[in-house]
Structures are given as C-alpha cells and as structure tokens.
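What follows is a single structure, written as structure tokens, with notes after it.
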Amino acid sequence: MAVIAPQPLVMECTGWPDAHSYRLLDSGAGRKFEAFGPCSFIRPEPQALWQPRLAQWSAAGEFIPGSDEDGGGRWQLEEELPEQGWELEWNEVRFTAQPTPFRHLQFFPDMAPVWDWMREQLAGRDDAETMNMFGYTGLGTLALSRHGKVTHVDASKKSVAQARENAALSGMEDRPIRWLVDDAAKFAAREVRRERRYDGIILDPPKFGRGPKNETWRLEEGLPGLIEDCAKLLDKDSAFLFLTVYAVRMSAVALAGLLEEKLRHLPGTIEFGDLAVREEPVDDAPRRLMPTAIFARWSNPR
C-alpha cells in the first residue's frame, strides 16, 4: 500500500547549466525577469510579493496580462525576434523557444528537476514503457526516450507537430515514440480497456482545455477519473507517476490524497509539494525561491 510522506518537498530549478539556458534573473512587484538563452523577457508572476533587486530590467519583451485571472493578454515586444524562434537545450534535448499567446515560450523551465527525477527512477533501463499525457512540445517525452518506448499524448495538433520538430532538432526522430493527437482522458480510458501497462506516467493537465473533437476538460471534474485510469495502467513493477498542476486554488496535499486513494493497491511512496525556481545571485543577497506549481508523485523503488 502506497504511503504518503509526512512532510512536503520543494523541487528546485536552479537555472540550466550551459550557455543555451534558462535563468530567473530577478522578480518582484508581481512580475519576473527571465533569460531564455540570448533573449530576456518579463512575465506576470502574482506570487512575487516582494520588490525587485535589480534597478532596471532590460528585456526583449513583456507579457501584459488581461484584466481577469483566467488568462488573456498580449506580448509587447521591444525588439525583433527570430520568426521561427531560437534554439535552446537541456542536456541532450534541443528545442525551439518563442513567445506564445499563452504567456509562456513553448516550454516550462521549472520542469527540469522533474525530468531529472523521472530519469533517476528508470536509471539503468532502456526497456521501459512510459507515457507523457498533456505532453505539449515534448521535452519530457524526449527526456524519457533514452529509457525506452514513450507514448506522447496531447490534444493540440500544433503542439504535437512542434514536439516532433524538437525530436528532429535533438537527433531523436528515430526513437520509439508514439506521437498522438488525442484527448488524454479518453485515451487513458481506452488504454485501460486494452489492458495496457506502463512503467511510468507523467501528466501535466491544464485548469481548462478542449480536446481535438472539442471535448471539454475541467481539472476539478476530470482529474479524479483520469488518475483512477492511470492507476490501472500501473502495477507493482511500475516505477513512477508524476502529476503537476498550475494556476489553481488547490493544495499539493489534495493531490497527494487523490494519489493515495487511487494507488493504494500499489507499494511505494507518495510525495507532494511545490515546484520552484531559484533566482540568480544579486550582490550578496540571499537567492530567493519563486514557487511555480504544485505536484504529487508516486515512486516505487525496485
């Protein structure tokens, strides 16, 4: 029976190590100042309750949010950017970054410690079968592909096309990856009926979304059933499940409780907490930690 850890964790992104990297340069007054390789941007960040430490933020552009908390807004670009984006890399994974209408840049940099953690769970294996649900532009999929077959599922045809382009850019187009444009919840239910199993599952569901056939997804309504189906795709020999949630009024404790209920037939440990990014040093001031998302994860050391 899976046991919940007694205390929450922080999975910390401290910036990416090479020149083609991500860094959190500064934050404060409801905004954050970030470097995405050679280009810097300012984006909204409601949890930056403190004041900035740098006197000036010189950025290629800023995302100006809409008037309500459910999203919207526009980019105000101060300089011309490459029309097709620019190349970044995380370890051996290469990909394209560029501003999107959804305020991000085609990837979520705070997920880097999650990719590392998943690889640790599969260390020494090249025969694993894993699934990335709501896989977006495929960085997590490509990180997992060194360990075996990966099923990548996303409802956006455009996102899946970008994921395949990132695979080609990384020299991984021949790896055993299934690229699927599909509704994640419906696909998981079909996999249960097929009696499939996976060694690991990562899922990053949005607060609200639509499937390729205009199916409606609402997190609070759909997540319990989706996790129940994911639990049926895992067994005592599986290695992990990782769930992240952004921009919701919900606690990581609630996510852990959901995993405990649905995975109680399995051994292992359930942990929960925050994803966060550590700021770059500014003079001698302590490096602040910026929370970005909540998570719950199940692991089963074999």
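What you are looking at is a predicted structure, and each value in this text was computed from that prediction instead of being measured.
Placement of Ile64 and Leu81 in two distinct hydrophobic clusters is found when ILVMFWY residues are connected by side-chain heavy-atom separations under 4.5 Å, directly or transitively. Hydrophobic clustering places Leu142 together with Trp117 (ILVMFWY residues linked when any side-chain heavy atoms are closer than 4.5 Å, directly or through intermediates). Cluster membership for Ile42 and Leu105, using ILVMFWY side-chain heavy atoms within less than 4.5 angstrom, is not shared. Hydrophobic clustering (ILVMFWY, side-chain heavy atoms < 4.5 Å, transitive): Val282 and Trp57 are in one cluster. Note on Val245: it clusters hydrophobically with Val253, by side-chain heavy-atom contacts below 4.5 Å among ILVMFWY residues.
In this structure, Leu219 and Met250 have side chains that are in contact, with non-hydrogen atoms separated by less than 4.5 Å. Within the 4.5 Å cutoff, no side-chain heavy atoms of Ile202 are placed close to those of Thr130. Residues Thr141 and Trp115 fail the side-chain proximity criterion, which asks for heavy atoms closer than 4.5 Å. Contact check for Arg146 versus Arg119: side-chain heavy atoms found under the 4.5 Å cut-off. Within the 4.5 Å cutoff, the side chain of Phe33 has no heavy atoms near those of the Phe41 side chain. The shortest side-chain heavy-atom distance between Val181 and Trp179 does not fall under the 4.5 Å cut-off. Proximity of Ser40 to Leu25: side-chain heavy atoms (C-beta onward) are separated by under 4.5 Å at one or more points. A 4.5 Å side-chain heavy-atom check between Tyr136 and Asp204 finds every atom pair outside the cut-off.
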Dump the intermediate steps for side chain to side chain donor-acceptor pair (under 3.5 Å) on Glu279 and Ser27, then the final yes or no.
CA-CA 8 Å; Glu279 279 186 358; Ser27 62; 2.3 Å; yes
Between Phe240 and Met118, does the side chain to side chain contact (heavy atoms under 4.5 Å, CB included) criterion hold? Intermediate values first, please.
CA-CA 7 Å; Phe240 72 86; Met118 293 190 302; 3.6 Å; yes
For Ser156 and Val160: C-alpha separation, side-chain torsions, deciding distance, then whether side chain to side chain contact (heavy atoms under 4.5 Å, CB included) applies.
CA-CA 6 Å; Ser156 167; Val160 174; 6.0 Å; no
One pair to check against side chain to side chain contact (heavy atoms under 4.5 Å, CB included): Gln106 and Thr100. What are the steps and the verdict?
CA-CA 7 Å; Gln106 295 193 151; Thr100 74; 3.6 Å; yes
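Checking Asp199 against Ser238 by side-chain atom types alone, no donor-acceptor pair falls below 3.5 Å. For the residue pair Ser170/Arg94, the side-chain donor-acceptor check at 3.5 Å is not satisfied.
Smallest separation of non-hydrogen atoms from Trp75 and His104: CZ2-O, 4.2 Å. The shortest non-hydrogen separation linking Glu280 to Thr14 is OE2-O, 4.0 Å. Closest approach of Ile294 and Ala252 over heavy atoms only: CD1-N, 3.7 Å. Of all non-hydrogen atoms in Trp298 and Gly268, the two that sit nearest each other are NE1-CA, 3.9 Å. Leu258 and Pro224 make their closest contact through CD1-CA, 3.9 Å (heavy atoms, listed as atom of the first residue, atom of the second, distance). When all heavy atoms of Ala97 and Leu88 are compared, the pair lying nearest together is CB-CD1, 3.7 Å.
Classification of Arg31 and Glu45 as a salt-bridged pair fails, no side-chain N sitting under 4.0 Å from a carboxylate O. A salt bridge links Glu34 with Arg43: at least one charged nitrogen is closer than 4.0 Å to a carboxylate oxygen. Remark: Arg53 does not engage Asp283 in a salt bridge, criterion side-chain N to carboxylate O under 4.0 Å.
Between the CD atom in Glu195 and the CZ atom in Arg193 there is a gap of 12.0 Å [rounded to 0.5 Å]. One finds the SG atom of Cys39 at 11.0 Å from the CD atom of Gln98 (value rounded to the nearest 0.5 Å). In this structure, the separation between NZ on Lys207 and OH on Tyr246 is 15.5 Å, given to the nearest 0.5 Å. Atom OG1 of residue Thr292 and atom CG of residue Leu275 lie 5.0 Å apart, to the nearest 0.5 angstrom. Within the model, atoms CD of Gln162 and CG of Leu169 stand 9.0 Å from one another, a figure rounded to the nearest 0.5 Å. Distance check: Ile201 CD1 to Leu241 CG gives 5.5 Å after rounding to the nearest 0.5 Å.
For Phe102, the CZ atom is loosely surrounded, since the number of other residues' heavy atoms within 6.0 Å does not exceed 12.
A ring-ring contact (aromatic ring centres under 6.0 Å, His included) with Phe36 holds for exactly one of Phe108, Trp86, Phe107; it is Phe107.
Note on ring orientation: taking the six-membered ring where Trp is involved, the planes of Phe95 and Trp16 are perpendicular (angle over 60°, cut-offs 30° and 60°).
Between the Arg278 side chain and the Arg287 main chain, a donor and an acceptor come within less than 3.5 Å of each other.
Geometric assessment of Arg196 against the ring of Tyr198 yields a positive cation-pi assignment under the 6.0 Å and 45° thresholds.
Applying the side chain to side chain donor-acceptor pair (under 3.5 Å) test to every pair with at least one member in residues 221-233, sequence neighbours left out, gives these pairs: Glu228-Lys262.
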